[in-house]
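This is a predicted model, so every value here is computed, not measured. Here is the naming used below: chain letters follow the sequence lines, and residue numbers restart at 1 for every chain.
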Amino acid sequence: MTGSRKWLAIGGIAAIAIVASLMSAFAGPPQAASAPAASQPAKETATQLANREATGKAPPGPWAYSGASGYTNYLGQGTGRSPVQPIAFPHPVHVNTLKMNCVFCHFAAGQSPDPGMPAVGTCMGCHQLVAVDRPEVKKLADYHTRKLPVPWVRVHKLPEYVRFPHMRHINAGVTCQSCHGQVNNMPQVFQYASLNMGWCVSCHVNGYSPAEGLRAAGYEPDSAALAAPRKKATYDCSHCHY
Amino acid sequence: MATLAPPSPHDAPHRPNIAAAGQPLPAIRDYEQVDREILATLRPTKGWFALLLVAVACLGLGIAAWMYQIQQGLGVAGYNPPVMWGVYIITFVFWIGIGHAGTLISAILFLFRAGFRTTIYRCAEAMTVFAVMTAGLFPILHLGRPWKFFWLVPYPNWRFIWPQFKSPLVWDVFAISTYLTISATFLFIGLIPDIATLRDRERNPVKKRILSALSFGWRNSEREWRHFARAYLFLAAFSTPLVLSVHSVVSFDFAMSLVPGWHTTIFAPYFVAGAIFSGMGMVFTIIIPIRKFFRLEHYVTLNVMDAGAKLTLFTSLVVGCAYLVEFFIAWYGAVPVEQDYFWNRLFGQWWWAAWIMLTCNMILPLSLFSQRLRRNPAWLWILSLFINLGMWFERFVIIVPGLSHEYEPWQWSGYIPTWVDYSILLGSFGWFFMWFLLFIKNLPVVAITEVKEIVPPKVRAGHRHGGGH
Amino acid sequence: MMQGMLGAFREIDAAVAAIEDLKERKVGAITVFTPAPRHEFEHALKPPRSPVRRYTLIGALSGAVFGYWIAIWASESWPLVVGGKAVSTWVPYTIFSFELMVLIGGLSTVAGFFIHARIPRVTMTVGYDPRFSAGHYGVWVQCAPEKLRDAEAILRRYGAEEVRGAE
Amino acid sequence: MSADQAGIGPPRVGTPEGQSPGRAEGTVQRREFLKVLGVTGAATTLVGCYSESIEKLIPYVVSPDNTVPGVSNYYATTCRECPAGCGLLVETRDGRAIKAEGNPDHPVNRGALCARGQAGVQGLYNPDRYRGPMLREGGTLVPTTWDRAIQTLSTKLAEARNSGAAAGAVFINQHEQGSFPAFLDQWLASQGLPPHLSYDAEAPLGAIAANRAQYGVAWPKLDFQAAKLVVSFAADYLDGWGLTVPQQLAFAEARARLEGAPRVVYIGARRSLTGLNSDAWIPARPGTVKSVADALLGAITGRATGVTLAQAADQAGVSAAALESLAAELRSARPSLLIAGGASERAADMALTVAELNRVLGNVGVTVKPFEGFLAYEGVASQAAVRAAAEQMAAGRVALAFVRGANPAHTTPAPVKFAEAFQKVPFKVSFSSYPDETSSLCDLVLPDHHGLESWGDAEPVRGTLGLQQPVMDPVFNTRATADVLIAVAKANAATAFRYPADYRAWIASRIGGNAALAAALPTGLMRGAALAAWAPRPVAAKSGGGLAASAGEYFLYAYHSPALGDGRGANKPWLQELPDPVTKIAWQTVIELHPETAKKLGIAEGDHATIETGQGSLTAPVYLYIGLRPDTIALATGRGHTAYGRYAEGCGANVMALLPVAEDARSGAQALVSTKATIRKAVGRSLLVTTEGSGRQHGRGIARALTAEQLAQGETHDEHETFRGQAKTEFLPGLRSPVANDAQGDLGDPTSKDKGQYDPAHWSGAAKRRWAMTIDLARCTGCSACVTACYAENNIPTVGASWQGPQFLPDRTGLGSNITRGREMAWMRLERYFEIDREPKDVEFDPDFETRLIPMLCQHCGNAPCEPVCPVYATYHSPDGLNVQVYNRCVGTRYCSNNCPYKVRYFNWFGYGEPNRQQYAFPEPLHWQLNPDVTVRAKGVMEKCTFCVQRIREAQNRAKLENRELQPDEFTTACAQACPSRAIVFGDAADEKWSVTRRIEDARAYHVFEELNTYTAVVYLKKVNHPPRAAAAKA
């Protein structure tokens, strides 16, 4: 008898699962279903492993799961996603070796909601002369001569109904690394934070600690940073959703 | 040695079918007869299969329509803003209402020791469960984004946000899920001893195993009966306020808003009475054919019918009174918007719906003042169909005219449902009757043990039996 | 080591008389099987009151409390104003309190019933007979081997249709 | 180029030169780039939880040095939707124009913009535009290259010159002001071709001719402010007659003087929007306005003008008393302003009479100011000239024909047979950008840039030059006509030397070189004058035989649709969806009948009826309009296209099929009111595509009014402040809940400890503000510009196209598929209430009825009924007083809409915002216009007015960036910005430095449905009526 009761339970759960998947199949605009999930690694790839060793930081665990963009979800998005880029741009070389600042290329981050991607022309500003023989730079030059933009693959992506004004955060002193991780140590950029709503809100409500931000960026916080209070932000919905 | 000869199954139905003092079911002689006659109803027949087929077909149509609606958007239904609620919510309230009579008969009348419930309560209770199962679909089905319905349920989530507990719709979620759980439990607890009986009569080993599982190894021991009685009593005690609360909460969906014609304090009692009224209608719609085709006339006796009809008449009078009070309040309250609305309901745009409602729910049931009609199954059945129709239209008249004729004259409108609305309405009937048909051929429609309770037990010759005092 | 004597009665008063006699003589533990609950047996056996009501009470109270708690805590956890109302308003939250009282109260009642009625039981214990769900009353006396005779005698005396011993 | 003038002009206003990537290269890459960016741009505004697909990040190839990604640039240019030449500031984001706004510095529109101007961007992104040059081969137009096209054109020109046929060539150009007409004529001359015809089917030629004769200018300034009495002789100065925006600005300013405001009288057979905004209506029979004017002149001057008031009243079918009192008023009320309009065969004569009246009443120079006039209509050719050209073509005397912009095949009366005549021309060239009726007949199509893509100039008022510059790269492979002409000229050595590289250089050379141009571009304005074009050649007019002579028992009254004009607006979904300000009909041509007439004919509203005139017949559904003479049938122009793209085709009927060739002898204007007609019931009926539920207020007190006298005596309360069933409450004017938390339950209670972010003392300071709006009904004319502005700003989908209904087993498809079910999405709608207690069908004719026009939008209630019923917090009250709608949280229970007394919440019944659906409202490239700051709503969610929260946040972010507080009136909502009546004011009601707070304190202030205790944030100011002095004395 216990046996047959068990089978009843299993049947019920199976039924619920089927209904749920039917529902989710209709969720959102259809193109979501046809999102290029295949191209995205569901499991951690060697690159990501390398990345993590390079940064020495593990991405948040499954507890950071989110339906929209948390741990790698069925759309192949979320923490740890590390798409292969058309040009293997080495952030470490530019930032660590050449000591270039983030906003040198992502010039709008401090003045616009959109951080801005450097124009091909901007890259060529240096690479007319510098390292012209490298294969990746050759690719770049090729794009430039053909007057085509570089089709970078997007790594950090918020849902379309979320407004994220970069400048507000930059000017509030939030270090880039707090959300993007130590890109300066990533051979290939991967998604560092879950970017889900709970992740945003926890910082808005509990406040952002400058010291932690600096540590995240790999610097030792100075006394001023340590002394600084946590910076809180609004939790009013209409500041991000409209 | 027994003074009475054991009755043969053949003459049982032909016995005079009237109440004898202290003997509600004169035609039932002994326990074996009960088993025999009730179990006899479980044999599937051609007609049953045919009905089941029809029910499943309707359900299929409903599902197809729903899929189309999910894919295309709610625009395929006949909504005509500002009429933002239509057939789906109407049907939701309709089915919830149906459920109430079941709980009334099985729980409230149980507490009141109303004897006539015994033979019909199982049927009514099953009807309740299936009706609530049907009603529960509609709030999800009418959502713009049904795949998000679970956002109405408070569950810990990564967004840190919760439902808005001040919203009547969240009250609905709690009320209906509670109602479904409790009445399903109530039904099943009542079924356990009967399942045990089936189990003991069952020859087919597979079925026997299943029935054994469902009967939880019930063995009629006096200990089991003792706790059973307690549990049953308390469940009945819980169901009684529950049934009142559920339809009150449903009525809050309307009463809490400021739509003219919705914003009324009378709604809670008015809805509960209406619910029981509609439920009695559905009980008759179901029980009368069963009584006939399952040859249970001597279980569901004319006295039972009579008592049920009186209850129907009473609730009909309550509902009718509520209708009139609504008009009085509109006149007495002297709020122009309200007055406009009620005039428009009765003589304006929606006169036809309003008059269908009044005829079916107020006027026709008055016939039940006549005892001859109360004891006439045919008439009761026809009347019950009218009651079902009328109560569906009552909800139509409450919901649609209110929305179509609100504060803003510029946004006044009409409302014409489309084939999608009708298909899903039909599908809901398919869903309900599918479950009900499956029920009546697999589980006893009359509570075997409860009938046995009122059948006098055998005693030794010479002694008076100990029952009844 | 389970031993006893089972008597199947057709008439209820016979069964009741037999039980009373057996109790008088303290033959052994008596279990009665009856197709429908009859209070004659309750009079004869005088069992303790069912404790199921306690489950009901506890379940209902905890449900009521939880109902208020979840609503109030959730509203306060992200305070947003709707329609100029207070963030947590106890009046409408009474509905949750009530519904959860009924829900949890009801379910715990069932739990209590199952626990005390010792169901679900996986195997039929000895002494049960399908007839007891039809028309017969069963009296099962569980007793020491030396008392089996008396038990049988008593059952027979009161006109048991069938008396059989069971190991 | 842009670097050297970065500092000039207002911030973030400049020129797009060099802004777009790869501009050195061919158009393909630019378009590719824009396509990608357009797609991502649209995709980034789609709602729906699982809708994120992995995207590309597309950087610029060459970074434009004056743009920041994600921040808008504004470029000053000139509107080309009508000849008025209003100034625009076009908002562009990442290389795409996303919104047209009025240029505050511009003398014509002073920052306001009409619906047609707003819709310009939909012309720019119209999905049916020609993708590139087309050449007719084997009877069909096939794509070709520009080189080949231009080469073909030059050879044809050469042939024409050699064969001597050039002199007979015809060039019909859409009338526009500025230097281009002169440039064109120079070019034509250099090619040995005659000057062009500057054609505008909408131009009020009668009035223009009279003005020329009387004042020597085409269009004097009409100064409403100065007038004490305004009398319109069928001049619909608020309906697109003349220069809508400046006229409306002046009118609203005048009416806003309340007690001092002019009383307005309208004389004409149909009460147009102008008529509805007038205090009195004298329903003169069509064609008799002239004799009314004569009679008035006689009555005032005492001269014998052939008619007495009594006779005139008799002819016009109006009461003599009305005319008597009007004459009396004219004598007493000075200065007055008399405006002559009308489109009869005697329009010019009538206009002359009225001009004479103005003279004798001493209005010239006081209210009629010839020397501050507008130059919009200088050089416009008469419609007779076009008709004559058509006759030439029919006679086969035209070897070569050019058409640019204009669409005479649609806008000329049927008897002209323009299409047939046009086809007789051996070689026809079109510069039109759209496949309209005319251009689809042509042999060579050289699609012109849209106005927002091209260079140009305009001289709206004497001495001021409004510049026109491309605000973005061409969407398609089109070319500015001027550049094509230059290219052709350069192909010929004889003319090559006369021209610089391109038209931009030509403009620059005229106004003092690139530096001067660059200096002027940021504001788009400079001193200077445009080249004068040749004056139009007079053409002998043709009479239709006179209105009286024609057969039929009803007068046919055709008028130009305020939204669609002569039909040029019909391919823009915003304008199709915009309900006509008077009839409230969209997507449909209706026959307007007075209920009396309809009853007599046994026609119910919606029934089809057939109109017949000597020229042809037309069948359409009937709309019952009480503002129409019972002996008159009214029909609007603009619809009934047989070509012109998916939105225009097969939509409505074209009244031109009914009109005879009847021209004003003096001005050569085609008369729209020129014939009688018979009407009979036809088979079939159809639902009216209307947004009107009930056009009566039923005593609900939504739109309220006062008389000037009441206002003067301070009786500002009306019966609605006290309502039955409740104790009388004395409502004070002004916003009931000045800051958000006043209406916030215990959060408003000073004793409550933790109010969180709703506490004014909260660190975020959010609750310090209370966004609010006032709408002055004394100013509002109901023109509906705000509605279109809202569509443009908030990505509101149009839902009326026939394919936007259900996919199969559709219900109520056809025109306005969703609107017939009341599913229009206009967040802001204009309600038009007639102050009559009967339903339309049983109203008998009475010219004396009042109309109230009121914009209705989300009232952002402090105690919002919609909020507490939402089960998921999708709508709630923000600390700064907004009633927020969170689209991505909405599950679509629609309870909020049920509970909204104002009915201003709109539901996405279909996936209007989802590109792969048939109901998609923004087919490429229309979706390039989508505002990246506003989420495009997916199916199944509720939406509504947000008080342009994206603008609020943008302003707050900017202030934060510049480390300052928000300045008072620093920004406003789209509707307030566009409003040509300046009726809408938006701001922070909690800060008295914002002007909205002053408006709220006005004695006329009231809240709609105050009795519901909703604490709305939208405050209406009562309309002010001006009954005749006598009547007022009684009141």
Side-chain angles (χ1 to χ4, degrees), chain B residues 30-32 35 154 160-167 171 174-175 177-178 181-182 185-186 189 192-193 196-197 199-201 213 216-231 234-235 238-239 241-242 245 249 252 449-453 455 457-460 463 465-467, chain C residues 10-14 16 31-38 40-42 45 47 50 52-53 56 60 70-71 74-75 77-78 82-83 85 89 92-93 95-96 98-100 102-103 105-107 109-110 112-114 116-125 128 130-135 138 159:
Chain B
D30 60 9
Y31 292 179
E32 282 79 1
D35 287 352
F160 299 168
I161 41 185
W162 296 85
Q164 203 270 90
F165 286 93
K166 291 179 212 72
S167 166
W171 308 348
F174 277 73
S177 48
T178 305
T181 321
I182 292 298
T185 317
F186 194 50
I189 295 298
I192 290 177
T197 313
R199 173 199 65 199
D200 294 344
R201 304 287 158 275
F216 293 134
W218 179 270
R219 46 177 208 151
N220 292 312
S221 79
E222 183 274 341
R223 164 196 209 93
E224 287 166 346
W225 281 122
R226 199 167 78 239
H227 300 297
F228 175 88
R230 271 342 252 180
F234 285 128
L235 280 177
F238 271 131
S239 306
L242 182 63
S245 83
V249 168
F252 290 164
T449 47
E450 293 207 27
V451 172
K452 286 178 178 172
E453 271 184 73
V455 170
K458 284 211 175 346
V459 291
R460 280 175 295 180
H463 296 59
H465 73 77
Chain C
R10 196 103 181 80
E11 300 89 356
I12 187 166
D13 50 354
V16 169
T31 311
V32 180
F33 303 106
T34 161
R38 306 289 315 183
E40 289 89 342
F41 296 112
E42 234 175 313
L45 290 164
S50 162
V52 169
R53 53 200 154 87
T56 312
I70 182 70
S75 313
S77 80
W78 192 316
V82 293
K85 293 175 173 42
T89 52
Y93 294 176
I95 291 168
F96 301 102
F98 172 80
E99 298 295 343
L100 286 176
V102 171
L103 182 62
L107 293 179
T109 307
V110 173
F113 160 51
F114 275 33
H116 288 277
R118 311 255 172 89
I119 57 172
R121 66 172 67 233
V122 180
T123 61
M124 281 293 157
T125 46
Y128 181 71
R131 274 179 293 174
F132 300 152
S133 65

- request: In sequence, state the C-alpha distance, the side-chain angles, and the governing distance for N220(B) and Y128(C), and then conclude on side-chain contact (heavy atoms from CB on, under 4.5 Å).
  value: CA-CA 9 Å; N220(B) 292 312; Y128(C) 181 71; 3.5 Å; yes
Looking at [Y], is its backbone amide N or carbonyl O close enough to the side chain of [X] to form a donor-acceptor pair, meaning the two atoms are under 3.5 Å apart?
X: D13(C); Y: R460(B); result: yes
X: W225(B); Y: T34(C); result: yes
X: R38(C); Y: E453(B); result: yes

message: Once salt bridge (Lys or Arg N to Asp or Glu O under 4.0 Å) is applied, do any residues pair with K452(B), and if so which ones, sequence neighbours excluded?
response: D35(B)
Determine whether [X] and [Y] make a side-chain contact, defined as any pair of heavy atoms from C-beta on separated by less than 4.5 Å.
X: R223(B); Y: P47(C); value: no
X: P241(B); Y: F98(C); value: yes
X: F228(B); Y: P37(C); value: no
X: H116(C); Y: R230(B); value: no
X: E99(C); Y: L242(B); value: yes
X: K166(B); Y: Y93(C); value: yes

task: Apply side-chain contact (heavy atoms from CB on, under 4.5 Å) to the pair F132(C) and R219(B), showing each step before the final yes or no.
output: CA-CA 8 Å; F132(C) 300 152; R219(B) 46 177 208 151; over 6 Å; no
- line: When every non-hydrogen atom of F234(B) is compared with those of T109(C), the smallest separation belongs to CB-CG2, 3.9 Å
statement: On a heavy-atom basis, the closest approach of S77(C) and W162(B) is OG-CD1, 3.5 Å
query: Picking from G138(C), P92(C), A117(C), A134(C), which has the most non-hydrogen pairs under 4.5 angstrom with chain B?
result: A134(C)
Output field: ring centroids F114(C)/F216(B) closer than 6.0 Å: yes
- request: Would you give the length of the straight line joining atom NE2 of H227(B) to atom CZ of R118(C), rounded to the nearest 0.5 angstrom?
  value: 7.5 Å
